[in-house]
Amino acid sequence: MSTILLTGATDGIGLETASHLADLGHRLIVHGRSQAKLDRATERLAAETPSSVVGAELADLSHLDQVEALAVAVADQPIDVIINNAGVYRTDHPITGDGLDIRFVVNTIAPYLLTRRLLPSLPAEGRIVNLSSAAQAPVDLDALLGRHRVPDMDAYAQSKLAITMWTKHLADELGPDGPAVIAVNPGSFLATKMVKEGFGMAGSDVGIGVDVLTRAALDDSFAQATGRYFDNDARRFAVPHPDAIDAAKNAAVVEAIESVISRVAAG
């Protein structure tokens, strides 16, 4: 039985993955940014599996101070797996109060910060599962740093390559004896709120994504997959975007992320 922190667990693939993990007998720390939705999610999970939820944490991941607070709130719990699922594509408010594109903040920077803060809580055999995407584009570091804006789809695709890049960077840093850090494309155009609102289509069965996230978190076939990218459209580990296997480019993305975190923390 594992304790799993799952961000963005109040609807879509996050909620369905949480429900499936609860059914399997695992303990869950679920995260959401709406108290009402978080309450509904935990009520559902408790009704399905009364002992499954060991924590429910409210945080808006577009605010890095709330990411820090989330990390503090769960740091004293023995976490085995982090699934960085929360993400955003289209929104009426794409620029945060810190002048950053919300896609980079929620999809890239927040999971990096949360993961970094919680590394001491993870055992060597633990796992960090990062939600990537088939939509990936070369990262404009100035856009990541908030120096200029890019269109919605560009920001989303760049943020997803960026999380894939820091996945490889952190895996290389931790080495084979640390927790496994894995990037996963859960499947293109699944029936999630993001797909419905962003692309105006119903999407495919969310269960496709639930299955691969569960396997990435728990299955032996992913135990030695640190630094790798799993493309669920192809149903296999795949070569990621070329930038994600370039150590210098990965380091540059991480340096930019760290710069943003330091700048925001300094006010």
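As a basis for the values below, the full set of heavy atoms in this structure was taken, side chains included, without hydrogen atoms, waters or symmetry mates. Along the sequence shown, residues are numbered consecutively beginning with 1.
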Beyond-backbone contact of L161 with D243, side-chain heavy atoms, under 4.5 angstrom: yes
E48 and S52 side chains, donor-acceptor separation under 3.5 Å: no
Worked check of side chain to side chain contact (heavy atoms under 4.5 Å, CB included) between T10 and L15: CA-CA 5 Å; T10 58; L15 178 56; 5.9 Å; no
Nearest heavy atoms of A143 and Q158, plus distance in Å: CB-OE1, 4.4 Å
Minimum-distance pair of heavy atoms, taken over all atoms of A183 and T164: CB-CG2, 4.1 Å
Side-chain heavy atoms of V105 within contact of D101, under 4.5 Å: no
Side-chain ion pair, E16 and R44, N-O less than 4.0 Å: yes
Short side-chain to backbone donor-acceptor contact, D246 and K249, under 3.5 Å: yes
Under 3.5 Å: donor-acceptor pair, side chain of K160, backbone of L131: yes
Close side-chain approach of I13 and L213, heavy atoms under 4.5 Å: yes
Pair D60 + R33: basic N to acidic O under 4.0 Å: no
R116 bridged to E173 by N-O distance under 4.0 Å: yes
N/O donor-acceptor pair under 3.5 Å between N107 side chain and V88 backbone: yes
Any side-chain donor near an acceptor of the partner, N232 and N185, under 3.5 Å: no
Any L45 side-chain heavy atom under 4.5 Å of V30 side chain: yes
Under 3.5 Å: donor-acceptor pair, side chain of D142, backbone of R147: no
Distance, nearest 0.5 Å, that separates CG of D39 from OG1 of T42: 5.5 Å
Cluster overlap I163 with I245, hydrophobic side-chain contacts below 4.5 Å: no
Cluster check L141, V150: I/L/V/M/F/W/Y, side chain < 4.5 angstrom: no
Ring geometry between F237 and F230 (parallel below 30°, tilted from 30 to 60°, perpendicular above 60°): perpendicular
Basic-acidic side-chain contact under 4.0 Å: R103, D152: yes
Min side-chain heavy-atom separation T96-H63 under 4.5 Å: no
Donor-acceptor pair, side chain of H241 and main chain of Q136, under 3.5 angstrom: no
Nearest non-hydrogen partners of V181 and W166, listed with the distance: CG1-CZ3, 4.5 Å
Nearest heavy atoms of Y229 and S132, plus distance in Å: CE1-OG, 3.8 Å
Between CD on residue E57 and CG on residue L70, distance to nearest 0.5 Å: 6.0 Å
Pair L100-V264, side chain to side chain contact (heavy atoms under 4.5 Å, CB included): steps then yes or no: CA-CA 10 Å; L100 300 165; V264 171; 4.1 Å; yes
Derivation and outcome, salt bridge (Lys or Arg N to Asp or Glu O under 4.0 Å), residues D11 and K37: CA-CA 8 Å; D11 55 35; K37 293 175 70 173; 2.5 Å; yes
Stepwise side chain to side chain contact (heavy atoms under 4.5 Å, CB included) check, V184 with D231: CA-CA 6 Å; V184 177; D231 180 4; over 6 Å; no
Under 3.5 Å donor-acceptor, S262 side chain and S259 backbone: no
Straight-line distance of I95 CD1 to S62 OG, nearest 0.5 Å: 11.5 Å
Within-4.5 Å side-chain heavy-atom neighbours: L61 and Q66: no
CD-CG distance between E258 and L113, expressed to the nearest 0.5 angstrom: 8.5 Å
H31 backbone acceptor or donor facing T7 side chain under 3.5 Å: no
Y89 vs M153, side chain to side chain contact (heavy atoms under 4.5 Å, CB included): CA-CA, chis, key distance, verdict: CA-CA 7 Å; Y89 165 45; M153 190 61 205; 3.8 Å; yes
Main-chain N/O of A216 paired to R127 side chain as donor or acceptor, under 3.5 Å: yes
Atom of L6, atom of A9 and distance for their closest heavy-atom approach: O-CB, 3.6 Å
L64 and D98, any side-chain heavy atoms less than 4.5 Å apart: no
Donor-acceptor pair, side chain of T91 and main chain of H93, under 3.5 angstrom: yes
Closest contact, heavy atoms only, Y112 versus V254: OH-CG1, 3.4 Å
pair T49-L28: side-chain heavy atoms closer than 4.5 Å: no
Atom pair CE (M165) and CG (N250), whose distance is rounded to the nearest 0.5 Å: 4.5 Å
CG-CG distance between L122 and L5, expressed to the nearest 0.5 angstrom: 9.0 Å
Donor-acceptor list for residues 73-84 side chains, cut-off 3.5 Å, not counting sequence neighbours:
unit_1: D80; atom_1: OD2; unit_2: T3; atom_2: N; d: 2.7
unit_1: N84; atom_1: ND2; unit_2: T115; atom_2: OG1; d: 3.0
unit_1: N84; atom_1: ND2; unit_2: N130; atom_2: OD1; d: 2.9

